[in-house]
Amino acid sequence: MKSRIIKSLKIILFVGCIFISLGVIQDIVCPKFESPLGLRSGFSDEEENSIDVLFLGTSNMFLTINPVLLYEDTGITAFDFGSSSQSLNMTYMYLKEALKTQSPEVVCVEVLASRADFNNELYESGLRWGFTYFPTNIEKLEGIYNQLHTIDADFLSYIFPILRYKDRWKELTENDFTDDYATYWKGCEVSWNVTEVEYDDSYWEETEWELADSNILYLDKIRELCEEEGIELILFKSPTPSLWKNIYSLAIQEYADEYQLPFIDYNMKLDELGIDVTQDFRDAGHVNMDGSRKITKDFGEYLLSNYDLTDHRTGENNSWDQSVEEMDRRNANSALNSQKADMLSFIEKLSDEDYTIMFTICGEINADMREALMDYFEISGDIDGCIRVNGENVLTVSNQVEYSWHDTLEGQDYAMECVLQEADDGESVLTADFYVNGESCKQVENGINIIVYDNRLDYIVSQAGIAAD
Amino acid sequence: MDPWTLFDGSLYTWGLEQNEFQVMLFGIAVLVLVDLVKRMKGNRIDAFLAEQCIWFRWGALIVLFICCVVFGVYGQGYDASQFIYFQF
């Protein structure tokens with residue numbers, strides 16, 4: 001009897017080891033989707049019951065509503081919990097998952113998915129984006145079955161994505177082993193691309209159209225679940241000149257009227273919000289950062305005026321405060337980088353103490369520029385290179401001698417070197433260069449090269465170079 | 001055949017990419033190892049594994065299982081009827 005128990009335990013342990021090993025390998029071979037899916041953007045890391053407004057839906061939702069800007073404007077804690085090309089069946093699954101750890105007061109569903117019967121059509125990319133990183137639980141199994149309506153090898157491949165993505169072993173990169181996708185954007189995606197779009201006649205054409213039964217089914221399920229949990233439900237549509245038509249909005253409006261739900265159609269509010277079809281779109285299906293800013297501001301005002309939501313900007317430094325801080329810092333870094341063509345004003349703006357700054361001078365440079373560098377780096381005398389970490393010079397090099405500096409910053413390998421090299425005319429010349437993880441970052445051969453690294457956010461803010469001649 | 005083609009990378013244009021080639025070499029090495037075990041120990045590989053400690057045994061089985069899952073040819077895009085033996 002005892003040996004039988006031990007044998008059974010061994011079998012269970014062995015099967016457990018196999019599943020754990022498969023899980024590790026699966027995490028490595030699964031594609032690291034670039035589009036920010038709520039599941040890969042730190043949703044599970046959010047403190048329990050900290051989200052007051054939950055946004056659900058497709059990329060139309062997470063490119064339109066920016067929770068960080070919303071918090072900065074209103075103090076409302078929100079999260080974009082969506083995935084690209086998500087069907088309403090999946091939206092319902094995401095809502096159920098979210099309610100396990102959060103108790104939002106308002107849920108906002110973007111309704112692009114209601115334009116076709118996506119709950120029954122197999123659009124593999126959308127399904128993979130939505131299911132791959134979803135935790136394996138009963139909601140996921142139900143969601144997959146409701147999408148595929150069968151249990152077969154394909155069904156299994158959604159539960160064990162390694163079966164679908166095993167062939168990626170040939171194309172693995174370092175990112176597949178060190179993937180850490182949690183971002184400060186609270187599930188949203190930002191884009192600065194600009195495309196001019198147009199609402200053509202087909203958008204406004206008046207034909208007979210009805211919501212598919214499956215979409216009504218899942219809208220009903222979402223609505224009923226919100227009612228059970230005492231959550232206010234808002235339906236909204238982001239501006240989408242392609243993929244969407246006014247007749248779809250009319251059908252959603254009819255549904256919303258039937259159940260006394262608010263429906264906000266931003267396609268009808270372009271003029272009111274000053275959304276410019278030549279500037280505020282990433283492509284014909286999504287707004288860019290400028291469009292998102294305008295809509296998020298309007299949505300925030302709507303939420304504040306219609307719901308009793310708490311302003312969480314109390315100075316306790318919650319994760320939304322940290323996101324706003326990071327967003328501001330990244331914006332400041334971008335502004336700094338955009339000025340690198342004007343080296344003098346660029347140097348004047350390097351006062352942040354959380355930077356690591358490296359520069360080398362090769363050849364003769366402008367006297368004003370040299371003076372500005374000496375002043376900024378608080379160096380007297382002639383120098384050819386300097387490294388400044390957190391406001392203190394850790395290395396200064398003068399008289400064009402050979403040198404080598406090497407350090408590791410936040411896991412990245414940084415080096416600055418100056419070596420004697422033989423030039424084309426046979427003479428030996430000193431050549432300085434920077435290396436980040438072994439890659440040369442030099443911008444000009446002869447002149448000033450400068451690298452600015454953000455120690456706090458762990459990335460290179462700017463690589464600038466100005467030629468001596 | 002120019003023997004230099006074995007070393008200049010053109011080998012990888014004949015149907016197996018470099019990483020696939022390396023997996024094939026690994027597979028051949030495992031087969032040779034199994035044969036060596038049989039010759040030197042006089043045991044089949046399963047009997048040899050059964051004599052080893054539990055950690056070695058489990059480790060070897062798990063590695064073999066994972067290799068089959070990852071490097072196995074099956075799933076989407078694989079057509080069993082295209083297997084070379086079916087063409088004769």
Side-chain angles (χ1 to χ4, degrees), chain A residues 3 5-31 122-129 131-132 136 144 147-148 150-177, chain B residues 6-31 33-34 44-84 86:
Chain A
S3 69
I5 292 173
I6 290 173
K7 200 172 179 182
S8 305
L9 282 175
K10 276 185 178 174
I11 291 172
I12 292 169
L13 193 62
F14 181 70
V15 172
C17 286
I18 289 215
F19 273 97
I20 290 168
S21 312
L22 271 178
V24 171
I25 302 292
Q26 181 166 278
D27 284 348
I28 295 169
V29 298
C30 275
L122 299 180
Y123 175 47
E124 196 192 0
S125 304
L127 302 186
R128 296 287 171 192
W129 278 322
F131 285 129
T132 299
T136 304
I144 299 171
Q147 201 72 50
L148 305 181
T150 178
I151 295 176
D152 56 8
D154 212 22
F155 181 92
L156 276 181
S157 78
Y158 284 98
I159 303 169
F160 303 108
I162 191 173
L163 300 173
R164 176 69 178 89
Y165 292 113
K166 64 187 183 59
D167 290 338
R168 279 197 75 248
W169 68 266
K170 295 175 208 169
E171 55 193 69
L172 295 180
T173 63
E174 199 181 330
N175 183 42
D176 288 300
F177 296 88
Chain B
L6 293 173
F7 308 100
D8 67 359
S10 51
L11 193 64
Y12 305 129
T13 62
W14 294 354
L16 286 183
E17 292 166 21
Q18 185 171 3
N19 41 24
E20 291 171 322
F21 203 85
Q22 285 161 351
V23 169
M24 183 192 73
L25 290 180
F26 171 75
I28 292 172
V30 171
L31 285 177
L33 204 67
V34 168
R44 276 176 30 178
I45 188 70
D46 52 342
F48 171 77
L49 277 178
E51 287 171 3
Q52 309 307 311
C53 74
I54 191 167
W55 301 117
F56 181 85
R57 205 163 65 227
W58 283 19
L61 290 175
I62 289 171
V63 168
L64 283 174
F65 181 78
I66 298 283
C67 285
C68 289
V69 171
V70 176
F71 302 126
V73 181
Y74 60 88
Q76 213 168 57
Y78 173 64
D79 180 2
S81 65
Q82 288 298 311
F83 190 59
I84 194 162
F86 287 79

Trainee: I'd like to know whether B:V69 forms a side-chain contact (heavy atoms from CB on, under 4.5 Å) with A:F160, so could you lay out the CA-CA distance, the side-chain angles of the two residues, the decisive distance to 0.1 Å, and finally the verdict.
Mentor: CA-CA 11 Å; B:V69 171; A:F160 303 108; over 6 Å; no

Trainee: Can you measure from SG (A:C17) to CH2 (B:W55) and round to the nearest 0.5 angstrom?
Mentor: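 So the gap between those two atoms works out to 7.0 Å.
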
Trainee: Give a yes or no on whether the backbone of B:N19 and the side-chain of A:K170 come within a donor-acceptor separation of less than 3.5 Å.
Mentor: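 Looks like no, no N/O pair under 3.5 Å.
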
Trainee: Chain A heavy atoms under 4.5 Å from B:V23: which part of the residue, side chain, backbone, both or neither?
Mentor: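 For B:V23, the contact with chain A is made by the side chain alone.
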
Trainee: Where on B:E17 is there a heavy atom nearer than 4.5 Å to chain A: the side chain, the backbone, both, or neither?
Mentor: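 Only the side chain of B:E17 comes within 4.5 Å of chain A.
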
Trainee: Would you check if B:W58 and A:K10 make a side-chain contact, meaning some heavy-atom pair closer than 4.5 Å?
Mentor: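 Yes; the side chains approach each other to less than 4.5 Å.
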
Trainee: For atom CZ of A:F19, decide whether the heavy atoms of other residues, nucleotides or ligands shown that lie under 6.0 angstrom number more than 12.
Mentor: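 No.
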
Trainee: As an exercise, state the distance from CD1 of B:I62 to CD1 of A:I20, rounded to the nearest 0.5 Å.
Mentor: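 Taking CD1 in B:I62 and CD1 in A:I20, the distance rounds to 9.0 Å.
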
Trainee: Which region of A:L22, side chain (C-beta onward) or backbone (N, CA, C, O), has a non-hydrogen atom less than 4.5 Å from a non-hydrogen atom of chain B, or is it both or neither?
Mentor: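 A:L22 touches chain B through backbone and side-chain heavy atoms alike.
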
